[in-house]
Amino acid sequence: MPELMMQMRFDGKIGFPGGFVDLRDGSLEDGLNRELSEELGCDHKLLRVSEADYASSHATEALLQKVVAHFYTKRITLDELRKVELAAVQAKDHGREVTDN
């Protein structure tokens, strides 16, 4: 059965964990793993994505600048999902997903 990991944002809406790749990130996957750690607070050993987890990319020009979103999939157990959920409320950027603070 397909499953999807999303997160509750500060404004009560549901969103995908993720963000922008920084110059300090060595790759898209490094940037995504950093964002997952910041937003979900989970250990890299628990939820680490690699090139093998890549699913697709989509570009949009509807925003002020062109944005390309890259999507990855990762199969985790229910126990691992519970650990991610428990860690998320302690995450560095929990509740600040779209406020840019």
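Atoms considered below: every heavy atom in the structure, side chains included; atoms not considered: hydrogens, waters and symmetry mates.
- Atoms NZ and CG, from K83 and L81 in turn, are 11.5 Å apart once rounded to the nearest 0.5 Å.
- When all heavy atoms of T73 and A55 are compared, the closest pair comes out as CG2-CB, 3.9 Å.
- Taken to the nearest 0.5 Å, the OH atom of Y72 stands 10.0 Å off from the OG atom of S56.
- With sequence neighbours left out, R34 forms a side-chain hydrogen bond (donor to acceptor under 3.5 Å, both in side chains) with D22, D25, E38.
- To the nearest 0.5 Å, atom CZ of residue R48 and atom OG of residue S37 are 10.0 Å apart.
- In this structure, CD in E51 is found 8.5 Å from CG in L28, a value given to the nearest 0.5 Å.
- Closest approach of I76 and L47 over heavy atoms only: CG2-CD1, 4.0 Å.
- Rounded to the nearest 0.5 Å, atoms CD (E80) and NZ (K74) are 9.0 Å apart.
- Side-chain atoms of E29 and Y54 form no donor-acceptor pair, as typed in the model, at a separation below 3.5 Å.
- Side-chain atoms of T60 and H58 form no donor-acceptor pair, as typed in the model, at a separation below 3.5 Å.
- In this structure, L36 and L32 have side chains that are in contact, with non-hydrogen atoms separated by less than 4.5 Å.
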